[in-house]
Amino acid sequence: MKRLLAAVSLLVLGACAHQPVKPPAPPLGPQPPGQPALVPVAWSALGSFADDMDLEGFAEACAASAAYYAELPAAATFDFGGEKVSAKEMTEGMSGLCALLQDPKASTKDKLKRLQKSSHLFKSVGSDGAGAVVVTGYYEPWLEGRRTADARFDVPVYRRPDDMLIVDLSLFPAAKSQARIVGRAERGQVLPYFSREDIAGGALSGKGLELLWLEDPVDLFFLQVQGSGRVTLDDGATVRVQYDAQNGQPYRSIGKTLIDKGVLPADQVSMQAIRKYFQDHPDKLDLLNANASYTFFRLEDDGPFGNIGVALTPGRSIATDAGVFPKGAPAVLKTRKPVIDAKGQVSGWEPMARFVVNQDTGGAIVGPGRVDLFWGGGPQAEAAAGRMKEPGELYFILPAGGS
């Protein structure tokens with residue numbers, strides 16, 4: 001699952017990413033049959049392009065991806081519209097891109113010209129085969145919590161259970177499946193792992209799995225959707241929690257649930273609207289159980305981290321379907337963004353075009369027509385991310401040295 005955040009100022013490749021775990025390699029072998037998710041296009045397809053941020057954050061995110069590629073086995077490959085590119089080539093390409101972005105003698109305009117001249121561009125076919133992409137946002141929640149439960153803080157944040165089993169069915173020829181399932185052993189059988197409703201009902205109580213305690217079950221729910229967060233404790237310390245595992249149950253949008261129940265109109269669903277509904281109707285919290293998916297966390301010193309094991313860069317890191325697009329690759333995202341005022345309200349919308357880097361994934365981010373933009377942490381990021389659900393376009397970049 002996804003999620004994530006924060007960034008360190010890394011402008012040299014040698015110090016570009018902190019990786020707490022060995023980064024996962026992309027799957028080897030042929031891609032699934034069907035239309036490629038990316039098709040080659042000319043840079044002119046972008047039209048008049050100007051990044052709406054400075055390039056420092058893009059350089060930082062690219063350096064993190066370069067470190068990811070450098071750790072992968074030589075046989076690892078990435079698919080750009082049917083073109084197979086090795087991890088070695090991606091390392092060289094991203095290193096060259098980092099050097100270009102950090103060139104102190106080149107203007108932003110010159111850097112963009114050199115980038116376009118030395119790289120290839122591929123457009124996502126989107127959900128309709130013609131490039132339609134829905135752009136949403138995510139962020140790092142900043143919450144208050146406790147190390148031990150009390151009368152106010154009684155909502156547990158669980159670590160990964162010891163009895164959780166990950167079953168790779170590809171290892172069992174009789175299964176004729178490449179799926180990985182999550183389960184638990186009971187009386188000699190492997191059963192599905194506990195659902196959100198099971199866990200809310202006490203299935204894990206008393207097993208010593210509690211990392212921290214929160215005050216609000218809705219805060220926990222959105223922390224699980226985002227995949228990571230910061231929690232400030234009563235002694236003033238701040239700790240980070242990071243996605244560690246998921247129970248294998250299907251994800252269902254709580255927004256869709258509330259629409260189906262007729263309690264929120266489809267054109268008014270946002271994170272903020274969902275929060276307000278449950279604040280006004282605390283007796284309806286059981287509706288959260290419609291999303292059987294449940295996330296378990298670990299404590300981290302740094303981060304947050306995406307699915308390739310690198311710290312995410314606010315405004316630059318994106319989450320996409322890990323089985324569709326090349327992990328770690330740079331891209332261009334075009335959409336529109338909300339303008340958030342000092343009170344956390346949307347005062348307007350404006351066009352957005354920027355370089356991004358594919359460093360995360362998420363349970364609800366499926367297919368070539370979805371992308372999730374990481375906004376960073378705190379109230380302003382939450383206000384923007386919670387309201388993003390905009391049409392857009394997504395283009396991936398194959399940098400020089402990677403072709």
(request) Give a yes or no answer on whether the side chain of R387 reaches the backbone of V346 with a donor-acceptor pair at less than 3.5 Å. (result) no

(message) Suppose we screen for ring pair (Phe, Tyr, Trp, His ring centres under 6.0 Å). Which residues come up paired with F80, at least two apart in sequence or across chains?
(response) F122

(message) Can you list everything that forms a side chain to side chain donor-acceptor pair (under 3.5 Å) with D52? Sequence neighbours excluded, please.
(response) K337, R354

(message) Keeping R298 on the side-chain end and Y243 on the backbone end, is there a donor-acceptor pair under 3.5 Å?
(response) yes

(request) Just grab all the ring pair (Phe, Tyr, Trp, His ring centres under 6.0 Å) pairs involving residues 182-225, residues at least two apart or on different chains. (result) none

(request) Under the side-chain contact (heavy atoms from CB on, under 4.5 Å) rule, collect the residues that match up with D150, sequence neighbours excluded. (result) R146, R152, F153

(request) Side-chain contact test, heavy atoms from C-beta onward, threshold under 4.5 Å: evaluate it for M352 versus E390 and give yes or no. (result) no

(request) Without swapping roles, check the side chain of D234 against the backbone of R147 for a donor-acceptor pair under 3.5 Å. (result) no

(request) Please collect all ring pair (Phe, Tyr, Trp, His ring centres under 6.0 Å) contacts where either partner lies in residues 89-109, sequence neighbours excluded, each pair once. (result) none

(message) Donor-acceptor check, side chain of S124 to backbone of P368, threshold 3.5 angstrom: yes or no?
(response) yes

(message) According to ring pair (Phe, Tyr, Trp, His ring centres under 6.0 Å), does anything in residues 88-108 pair up with another residue at least two apart or in another chain? List the pairs.
(response) none

(message) Pairing donors with acceptors under 3.5 angstrom, does anything connect the side chains of D360 and S317?
(response) no

(message) Over 60° means perpendicular and under 30° means parallel, so tell me whether Y158 and Y294 are parallel, tilted or perpendicular.
(response) tilted

(message) Does K207 have more than 12 heavy atoms from other residues, nucleotides or ligands lying within 6.0 Å of its NZ?
(response) yes

(message) I need the minimum non-hydrogen distance between L287 and I254, along with the two atoms involved.
(response) O-CD1, 3.5 Å

(request) Please determine, by modelled atom types, if T136 and R370 share a side-chain donor-acceptor pair under 3.5 angstrom. (result) yes

(request) Examine distances only and state if a side-chain atom of R196 and a backbone atom of N291 form a donor-acceptor pair shorter than 3.5 Å. (result) yes

(request) Go through the structure and list residues passing side chain to side chain donor-acceptor pair (under 3.5 Å) with K284, not counting sequence neighbours. (result) none

(request) Please report the shortest heavy-atom distance between R159 and L211, naming the atom on each side. (result) CB-CG, 3.7 Å

(request) Please check if the side chain of Q242 supplies one atom and the backbone of F305 the other of a donor-acceptor pair under 3.5 Å. (result) yes

(message) For V339, is there any backbone N or O sitting under 3.5 Å from a side-chain donor or acceptor partner on S347?
(response) yes

(request) Please collect all ring pair (Phe, Tyr, Trp, His ring centres under 6.0 Å) contacts where either partner lies in residues 307-351, sequence neighbours excluded, each pair once. (result) F325-F396

(request) Report the residues that fulfil side chain to side chain donor-acceptor pair (under 3.5 Å) with S195, sequence neighbours left out, ordered by chain and then residue number. (result) D198

(message) Does atom CD (E215) have a neighbourhood of more than 12 heavy atoms from anything else shown, all under 6.0 Å?
(response) yes

(request) With sequence neighbours left out, write down each residue that passes side chain to side chain donor-acceptor pair (under 3.5 Å) with K113, or none if nothing qualifies. (result) none

(request) Return the set of residues passing salt bridge (Lys or Arg N to Asp or Glu O under 4.0 Å) with D51 (not counting sequence neighbours), or none when no residue passes. (result) R316

Pairs under 3.5 angstrom only: tabulate donor-acceptor contacts from the side chains of residues 177-184 to other protein residues two or more places apart or in another chain.
| residue | atom | partner | partner atom | Å |
| --- | --- | --- | --- | --- |
| S177 | OG | A179 | N | 3.0 |
| R184 | NE | P192 | O | 3.3 |
| R184 | NH1 | E186 | OE1 | 2.5 |

(request) Determine yes or no for a side-chain-to-main-chain donor-acceptor pair under 3.5 angstrom, with D79 supplying the side chain and K84 the backbone. (result) no

